[in-house]
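My questions all concern the structure below.
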Amino acid sequence: MDLVIVESPAKAKTINKYLGSNYKVLASYGHVRDLPAKDGSVLPDDDFSMSWEVAKLSQKRLAEIAQAMKESDALILATDPDREGEAISWHVLEVLRQKKAIGKKPVSRVVFNAITKSAVLDAMANPREIDAPLVDAYLARRALDYLVGFTLSPVLWRKLPGARSAGRVQSVALRLICERESEIERFKPEEYWTIAARLATPRGDEFAARLTSFEGDKLQRLSVNDETRAHTIRDMLESAAFRVASVEAKPTKRNPGPPFTTSTLQQAASAKLGFSASRTMQVAQKLYEGMDIGGETVGLITYMRTDGVQIAPEAVEDARVSIAETFGARYVPEKARHYATKAKNAQEAHEAIRPTSFARLPKDVQKFLDPDQARLYDLIWKRTIASQMASADIERTTAEIEAKNGARVATLRATGSVVRFDGFLGAYVDHRDDSKVEIAGDDDDESARLPRIEANETAEKRAIEASQHFTEPPPRYSESSMIKKMEELGIGRPSTYAATLQTLEDREYIVNEKRKLIPDSKGRLVTAFLHNFFEKYVEYDFTADLELKLDKISAGELAWKDVLREFWTDFSGHVDGTKELRVTDVLDALNIELAPLAFPPKEDGTEPRACPKCSGGQLSLKLGKFGAFVGCSNYPECNFTRQLGSNLQAEGAGEAGLDEPKMLGVDPDNSEPVTMRSGRFGPYVQRGEGKEAKRSSLPKGWLPTEMDFEKALQLLALPREVGLHPESGKPILAGLGRYGPFLQHDGAYANLETIEDVFTVGLNRAVTVIAEKKEKGPRGRGTPAALATLGEHPALGGQITVREGRFGPYVNAGKVNATLPKGKDPASVTLEEAIVLLNERAEKTGAKPVKAKKAASPKKATAEGAATKTVAKPKTAARAKPKTAPAAQVQVAPSQAPPARPPAVTTLIKADRTKPAKSAAE
């Protein structure tokens with residue numbers, strides 16, 4: 001019997017059905033070793049030796065693999081066909097050799113691009129050895145990421161308090177997002193006018209024509225830039241006679257695009273399906289690893305991490321047969337289409353993403369898939385089939401219209417197009433990403449169909465319209481356009497795009513607001529710091545060149561340690577050069593770099609850096625324990641502070657003009673003024689003055705521009721008494737605290753779902769919420785109901801469930817809980833993802849695998865106890881204040897309105913969510 005190793009249990013289950021009883025297929029559950037998150041894991045002075053650590057839960061799986069190896073005749077490594085897959089195979093082999101489990105038994109490596117019976121059996125018939133250059137490229141990448149993270153991050157922590165960490169690829173991606181925000185801030189709109197005529201043919205058919213020249217001058221987009229000239233042209237056209245000078249109908253062909261790569265699939269799924277990049281890859285992973293289609297388990301698509309656009313010859317023939325059967329012989333081109341990758345640093349080693357069989361039509365497999373799987377498969381099938389279909393025949397018609405008013409002459413143009421043969425458009429119409437929307441602006445009428453227009457005939461004027469416009473700043477990146485830009489620049493690789501953006505969100509460097517990526521102030525600070533003091537290492541060309549070198553290592557053209565030596569010599573010297581860098585030097589540089597963000601121009605034209613509170617102070621950036629803010633140079637005499645922007649509340653504070661207190665009204669009960677202000681931690685409302693004034697931060701989602709006197713009074717009246725509890729007779733209070741909206745009764749708290757509930761919840765509902773909370777146990781630490789059950793954990797024992805907790809959704813197995821990453825949809829969690837999260841959490845807390853059929857010793861700490869020792873202390877620290885703590889969030893010191901989530905709590909939550917190895921290195 002031969003032992004076959006793959007990454008995931010789903011893949012193992014599918015392949016096991018193909019191979020039969022002579023093979024045993026086991027899953028490694030992803031990587032089994034990693035570099036420990038501590039200094040010394042990579043030693044540049046010891047020829048870049050690397051110390052690997054086996055995860056505790058992986059030890060059990062590796063022991064099972066080693067035992068199975070001793071009972072087998074040969075080892076077959078069948079992990080994914082990319083750099084990461086090769087690395088997993090190498091790690092497994094190294095561990096088995098250390099355990100002396102292989103001996104002289106044969107070892108082979110097989111790869112397949114699709115999980116179908118024919119592909120798997122063909123791969124098994126053509127084994128090879130582990131690709132050493134591919135492993136070398138993995139080692140180089142892992143060492144680089146470690147060295148950058150664990151060397152650069154401490155510099156950030158010392159020189160830029162509040163910064164999290166810096167990564168080799170993430171820092172460059174963050175720079176892209178921050179530079180786009182700077183472009184938007186610097187943008188100055190320009191006025192322009194468009195003049196269009198609504199005309200009619202002698203047959204009464206109307207059409208639109210746009211002005212292109214006036215009195216011999218060819219007009220560009222911004223040529224007519226004021227109302228006076230626009231009205232002059234309009235008045236001339238109102239009295240003009242119109243004649244069709246020429247009509248030209250020009251046939252053109254439109255060719256299909258190539259099949260999907262990882263990048264283009266993520267872009268199209270975002271634009272057409274609304275999927276995030278990570279969601280796209282989760283669904284694609286399931287389609288690749290195998291689905292039960294009418295009793296047959298089969299992979300529906302090829303491997304989904306690729307930058308290749310070519311597809312196998314047999315797949316091309318399969319596609320052409322399917323086109324003829326589905327659309328007709330006319331839709332099959334004379335010759336098959338062949339594509340070449342245009343992306344920078346692209347590799348052609350893998351096929352494009354395609355269906356494993358074009359005979360499996362989307363409508364036929366839909367009943368076997370969930371809605372997201374069916375939609376993504378439909379997208380992939382249509383895009384791939386379209387890539388081999390005939391071109392579309394389109395006739396574009398252009399009519400030039402002459403307008404005469406005495407000696408004055410103008411030219412207008414009417415354009416339209418007609419699809420004479422839809423060709424590939426019958427299967428797939430490509431999406432338009434953000435970067436193309438503005439370009440299409442002035443040609444939107446080109447796709448309209450024109451009526452019959454003949455040369456030299458007159459045209460009747462129906463209406464003349466002069467429309468005012470203003471140029472718009474470049475759009476913020478969406479996930480889709482960001483991935484496209486990263487691919488164009490050669491930053492990262494197909495397998496890293498989604499993870500890179502997710503890491504930036506998890507570190508709170510960016511915010512994904514309405515599918516737009518907005519840099520947070522922390523992200524702007526880090527980018528500005530790196531741009532000023534580590535400019536070379538966040539340059540796009542430098543990062544792309546490093547990726548190119550890694551590709552050359554993969555191809556066996558460069559030695560991986562030579563690349564590391566060249567990088568480390570320069571990088572370590574640069575880091576050493578910053579040791580004498582003072583914080584004042586950093587602030588001076590940031591004051592200049594971030595001036596548009598920190599000191600935006602005032603509408604009245606006065607000095608942006610003049611303190612609005614005192615007469616002689618100058619505003620500048622200050623660094624506090626929890627990050628940067630804007631303060632006055634006359635501190636402590638002047639205590640003016642302002643939050644550093646780049647979030648919606650900060651933007652709203654700027655738009656609302658909160659450099660000075662904004663009067664909202666006078667409290668009718670005590671005649672005290674109610675004002676809105678901006679402080680170090682954001683906008684807040686205040687009643688009265690001095691130390692006795694009452695204050696309340698604006699809740700998350702409440703914008704300063706939308707605040708009014710009534711809302712301010714509601715906030716200042718909190719906590720609100722809902723009524724007396726019918727059993728205890730004690731009051732039930734509703735308020736806002738550090739964890740959001742809450743109910744308080746007799747010293748116990750229960751969460752409310754929304755901010756609005758604080759103001760509207762009635763006594764009956766409040767009693768019910770408190771009772772439900774009480775049923776869960778002290779402080780609500782009982783186990784919430786499971787949202788979903790994913791399957792059994794191989795080491796911890798018990799079923800893996802998805803649950804909703806106080807701090808957000810999490811996965812649970814036995815006594816171990818693991819919080820889901822920020823922004824992760826609980827409904828999208830896969831079994832494999834849950835296992836990885838639980839393994840990481842179990843390692844951190846010291847939880848041990850469950851031993852089958854053996855009761856736990858009462859003297860030993862249980863997994864629950866181990867977890868409690870790690871988690872209980874932070875939770876106690878966060879809750880150590882008196883029972884009135886949540887209400888105290890509304891009444892705070894005059895100079896410090898509270899943040900939406902205090903930094904201490906943020907730290908604790910992040911500590912629970914973030915893998916140690918990722919805290920400093922990518």
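In this text, all values refer to a predicted model and were calculated from it rather than measured experimentally.
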Do T14 side-chain atoms and A10 backbone N/O form a donor-acceptor pair below 3.5 Å? yes

Hey, is R360 close enough to D364 for a salt bridge, meaning N to O under 4.0 Å? no

For T384 against P259, the heavy-atom pair lying closest together: CG2-CB, 4.3 Å

Between D2 and K105, is there a salt bridge with N-O shorter than 4.0 Å? no

Are R141 and E547 ion-paired here, with the side-chain N under 4.0 Å from a carboxylate O? yes

With a 4.5 Å heavy-atom cut-off, do D80 and Y288 have their side chains touching? yes

If you measure from the Lys or Arg side-chain nitrogens to the Asp or Glu carboxylate oxygens, is any gap between D372 and R279 under 4.0 Å? yes

Side-chain contact test, heavy atoms from C-beta onward, threshold under 4.5 Å: evaluate it for D318 versus S357 and give yes or no. yes

Is the shortest distance from a Lys or Arg side-chain nitrogen in R61 or E64 to a carboxylate oxygen in the other one below 4.0 Å? no

Are side-chain N/O atoms of E289 and S8 paired as donor and acceptor at under 3.5 Å? yes

P81 vs F112 side-chain heavy atoms within contact, under 4.5 Å: no

Min side-chain heavy-atom separation L300-L369 under 4.5 Å: yes

Spell out, as yes or no, whether a donor-acceptor pair under 3.5 Å connects the side chain of T261 to the backbone of V309. no

Does R128 come within less than 4.0 Å of E86, counting only side-chain N to carboxylate O? yes

Under 4.0 Å between a side-chain nitrogen and a carboxylate oxygen: does that hold for K117 and E296? no

Could you walk me through whether Q266 and T262 pass the side chain to side chain donor-acceptor pair (under 3.5 Å) test, one step at a time? CA-CA 6 Å; Q266 290 172 346; T262 301; over 6 Å; no

Validation row: S554, R83 side chains within 4.5 angstrom (heavy atoms): yes

Option from V135, L134, L139, D136 for which side-chain contact (heavy atoms from CB on, under 4.5 Å) with I553 holds: D136

Quick one: are H31 and V836 in side-chain contact, heavy atoms under 4.5 Å? no

Working for side chain to side chain donor-acceptor pair (under 3.5 Å), residues Q67 and E71: CA-CA 7 Å; Q67 182 59 42; E71 301 168 358; 3.0 Å; yes

Go through it in stages, so that I can follow the logic: the residues are Y138 and L550, the test is side-chain contact (heavy atoms from CB on, under 4.5 Å), and I'd like the CA-CA distance, side-chain angles, deciding distance and then a yes or no. CA-CA 8 Å; Y138 158 79; L550 291 170; over 6 Å; no

